[in-house]
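Remarks on the structure that follows.
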Amino acid sequence: MELNILNVKEILNKALKTGGDFAEIFVEDKKSFSLHISNKQVEGCQHSRIGGVGIRIRKNTSEIYGFCASYDPKELLKLAAKLSSNFKGEQTKFVRDMTFVPTKELDSSIIPHSKWSIQEKLDYLRKGEKAIYEYSNEIVNASCSLSESDQDITIYNSNGKYYKDTRVRTRVGFVALASFENTFESGAELPGIFGGLELLEQNNPEELGKKAATTAVNLVHAPLCPSGEMPVIIGNAFGGVLFHEACGHPLEANATARGLSVFANKLGKQIASPLVNAFDDGTIANGYGTLNIDDEGNPTTKNQLIKDGICTNFMIDELTSTMLKQKNPLSDPERYKVTGCSRRESYRYAPTTRMTNTYIDNGTSTKEEIIQNTKKGIYCVSFTGGQVDPSTCKFNFSASEAYLIEDGKITTLVRGAGIIGYGHEVLMNIDMIANDLEIRAGMCGASSGSCPVTVGQPTLRVSKLTVSGSGN
Amino acid sequence: MANYNFENILKKLEEKGFEAVQIISKTSESMSCVILNGRVDQTEINEDSSVGFKALKNGKKGTYSLDTYDESFDEDIILALEDSCTFGKDYKKEYFTEGGLKYKRLKRYNKEIADLDLEYIKTLNKEWNLKISNSKKEIIKTVQTQIATTVTNFEVVSSTGLNYTNKKSVMDASFEITVGQGDKIESAYDFKSSLDVLTLNDLVNFSRKEIFLAVMSLNAQSIKSGEYKVLLGHQPTSVFIDSLVDHLDAKRIREHRSLLENCFTEEAVVSKKITITTDSSTLSPITSTIDSDFRPIPDKKYLVKAGVLQTKVYNNEEAALAETTSNALSGATLKMKAGTKSIDEAIASIKKGVYIKSITGLHASLDYDSLNFSSPCEAYFIKDGKIAHRISLCMVSGNIINALNNVSEVLSEVSDHYGNFTVPMIVKSLKLTVQE
């Protein structure tokens, strides 16, 4: 969806009328489709369409945002006028020309969502569902889903530039629920990509279903996790949710530039064990959090956040770049340049700094060495998610699958392990990192809504963490 | 605000062979302002809209949603509904809510809120922010306050005669502070929603208690991990009650995902102290008067009476599948029957225990199927009938049904702060894990 350029210039000039030094129009048209089966029945087969326009005006570091669920130029002009009345002053900047800035073409290997019929998609899910039910008679429910989205955005700004991008995302989910002695446990496989139906071609539904069912059935027989302080080995791939929650969010400049993060003044300082190298990389091919351009039109980058334990950068957008430069007037202007990580769920949210694909890089140990070197502890293989308060770095996350480690060996599968701690302490307490980096798709919720991301890491060990569970 | 005309699309859908159609539209105007440390940080003015279609064709139900509507979307809508109905659930026309129902009308539109302008909100917010900053200047590090107003218009039209409209205005306020002493930093957050215009005095009173608790958190101390008698505040109680009632949902039971599937007997499933009814009469920002299908929610319908389950929760769709009738309880506001003892009296009666004011991180720390939880919490140590101190970083773990079975007392103070009208309660024992 594009607006007429004459209308765009009129709206941007209206937005700058009271002295704003930057204005932006974000136009979105997103078509989604979801298919969900549960208990052998189609529970949902729904198309939906999200569409509207967000307008942002900035004067120095003060920002106002507004949106309307309409593309009508008259409505947009009215909104721009309302927003600009928030500032007092004379217009100093004028928009006369608009130049299109080309971005990366859509990958030709993407298989469009329209290529398969709904029946074919349903058949794919049914195969996974069958595999789940066939695995064990302790399976009481199989829930399988497909979600597709095709988002077209156009961003116009008062620097006279406009950008267009198409974002195609696909995710499938196979969730098995097992029951034993009046309790439930679930197992889930939820791969997702920045791409189309090649995801379905790359992932065998029977294998995904069986894997989910295996996890659920094993877990439902497992004892509850004991509690206490102990070394914790965090598994690779979705184990990266630890870094995402405990350290990623507090490294977003939205928090650091406002002094609302424990890492606010830590650039150039040691914040992690020297073993740690960490990145936010929005350019990974097909990563679920990958973007060609971010929601301000800037290209995504591979941004090293931590190098050998030293904090080397934050995730920075246009606003926080200005804020950080003003706070640090003597520093090299390149120091706080934007990193292409401004994101929002939709036009309903003002964009802010968010993670894309965030991971800790490979170390030199092996997973086996880490386990052998742990006398007593817990090995968390997969997680249901977590959260953090960036201002204190307090975090929690829950392991959906964890094992006891006794005398250097994996022994008992346990369930219901919760982990709490302070992110900055955890980073310093990482004492072994393996060389088996993997990434996984997930969704991240924050002030600019819910965004697709990937998390990742190799297997690593934190020397001490507080584990909570109901077992003895 | 947008005002849609759905007459033509209803006609077109009928011509295409759809047997019944229901259209829900919601439009709203909102504004908000965030002040950070006395300075305007973010401001928003929004005009939102969403439209949802539910339709029946060949005995199958389909749905479609979009943000805005005009006739240029008609073709897309029809095609999407055709798809959705082809693969949809079995359904019948008589399960579309009919017209002529009698609704309770709570007056939730306040012109004074609708008339507030952004300048007023900004000024009020700045004053409030300043008051908080000045209240404990030496230890308050950051103060973020937000005030927002929203006016919502809601309309449902259908081919089966249902025509329902509603208008609501709310004023919301929230704040987040960080307090620090030496290397120690703690934070506090709270949220309030009101049908009346909030004054500076209201806001200051609302934030006062949290500031006190945030200060207390700087002196948090560890206690030994283990089992403790627990006084659960309004928020955790609301979470527990919501989770219990979620397992009464007919859809969850049909899908074999309910722990209560085989518990509809005359035996108590949870403590006999627990009675839960609906409440659709109390004027409050949270009260639901209609269910998810726009049927009037019955007032004081028992869901749990003295620990015994009374009914499953059927909406139209589940009723159609079970060939029964909807009991219009889906989405109802819940109310717990209050006891007689106050929180202060309860604390005074506990020799050694823990007061859990809130639990957090629920999306990750509570398993909504098994109802097992291992959640971070804001907890205070009770010693010899008094709150001794805040407990440092800790988690509470257990199972919600077991915990509700172990309730020894429900208290007297009813609050609508967290989505239900709940009362705090005392659980005989829950496991607390505290960072050493």
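- Between Arg252(B) and Asp369(B), at least one side-chain N (NZ, or NE/NH1/NH2) sits under 4.0 Å from a carboxylate O, which counts as a salt bridge.
- Contact tally against chain A (heavy-atom pairs below 4.5 Å) for His256(B), Glu44(B), Glu255(B): the top residue is Glu255(B).
- Between chain B and the residues Gln41(A), Glu63(A), Arg258(A), Glu185(A), the most heavy-atom pairs under 4.5 angstrom are made by Arg258(A).
- Only the side chain of Glu425(A) comes within less than 4.5 Å of a heavy atom of chain B; its backbone N, CA, C and O stay farther away.
- Contacts of Lys394(A) with chain B are made by side-chain atoms alone, with heavy-atom separations under 4.5 Å and no backbone atom involved.
- Taking 4.5 Å as the heavy-atom cut-off, the residues of residues 33-40 of chain B that approach chain A are Leu36(B), Arg39(B), Val40(B), ordered by number.
- Highest contact tally toward chain B, considering only Phe395(A), Tyr422(A), Phe383(A), is held by Tyr422(A) [criterion: heavy-atom pairs under 4.5 Å].
- Proximity to chain B (any heavy atom under 4.5 Å) is shown, for Ser85(A), by neither the backbone nor the side chain.
- Both the backbone and the side chain of Ile50(A) come within contact range of chain B, with heavy atoms under 4.5 Å apart.
- Of the listed residues (Ile118(A), Val140(A), Thr384(A), Val42(A)), the one with the most heavy-atom contacts under 4.5 Å to chain B is Ile118(A).
- For a residue to count as touching a neighbouring chain, one of its non-hydrogen atoms must lie under 4.5 Å from one of that chain's; by this rule Leu260(A) touches chain B with the side chain only.
- With chain B as the partner, the residue from Arg415(A), Lys31(A), Arg348(A) showing the most heavy-atom pairs under 4.5 Å is Arg348(A).
- For Ser468(A), the parts lying near chain B are the backbone and the side chain together; criterion is any non-hydrogen pair under 4.5 Å.
- In this structure, the side chain of Glu345(A) engages the main chain of Ser450(A) through a donor-acceptor pair within 3.5 Å.
- In this structure, Lys54(B) does not pair ionically with Glu317(B), as no charged nitrogen and carboxylate oxygen lie closer than 4.0 Å.
- A search for side chain to side chain contact (heavy atoms under 4.5 Å, CB included) contacts involving Ala264(A) returns nothing, not counting sequence neighbours.
- For Thr142(B), the part sitting under 4.5 Å from any heavy atom of chain A is the side chain, from C-beta outward, and nothing else.
- Between the side chains of Ser391(A) and Asp389(A), a donor-acceptor pair is found at a separation under 3.5 Å.
- For Lys40(A), the NZ atom counts as loosely surrounded, since its 6.0 Å shell holds 12 or fewer non-hydrogen atoms of other residues, nucleotides or ligands.
- Of the listed residues Leu66(B), Ile185(B), Thr63(B), the one with more heavy-atom pairs under 4.5 angstrom with chain A than any other is Thr63(B).
- Under the salt bridge (Lys or Arg N to Asp or Glu O under 4.0 Å) criterion, Asp72(A) pairs with no residue at all, not counting sequence neighbours.
- For Ser258(B), the part lying near chain A is the backbone, with the side chain staying farther off; criterion is any non-hydrogen pair under 4.5 Å.
- Chosen from Val220(A), Thr183(A), Leu224(A), Leu177(A), the residue pairing most often with chain B at heavy-atom distances under 4.5 Å is Leu177(A).
- Of the atoms belonging to Leu79(A), it is side-chain heavy atoms, and not backbone ones, that fall under 4.5 Å from chain B.
- Proximity to chain B involves both the backbone and the side chain of Gln119(A), based on heavy atoms less than 4.5 angstrom apart.
- In this structure, no portion of Leu35(A) lies under 4.5 Å from any heavy atom of chain B.
- Contact check on Arg49(A) versus Asp67(B) returns no salt bridge, with no Lys/Arg side-chain nitrogen under 4.0 Å from an Asp/Glu carboxylate oxygen.
- Using modelled atom types and a 3.5 Å distance limit, the side chains of Ser225(B) and Thr433(B) yield no donor-acceptor pair.
- Looking at Glu176(B), only its side chain comes within 4.5 Å of chain A, counting heavy atoms on both sides.
- In this structure, chain A has no heavy atom under 4.5 Å from any part of Leu366(B).
- With chain B as partner, the option from Asn86(A), Leu83(A), Val262(A) having the largest number of non-hydrogen pairs under 4.5 angstrom is Asn86(A).
- Contacts of Val467(A) with chain B are made by backbone atoms alone, with heavy-atom separations under 4.5 Å and no side-chain atom involved.
- Counting only residues at least two apart or on different chains, the ring pair (Phe, Tyr, Trp, His ring centres under 6.0 Å) pairs with a member in residues 42-69 of chain A are Phe33(A)-His47(A), Phe67(A)-Tyr347(A).
- Heavy-atom pairs under 4.5 Å with chain A peak, among Asn372(B), Leu259(B), Thr178(B), at Leu259(B).
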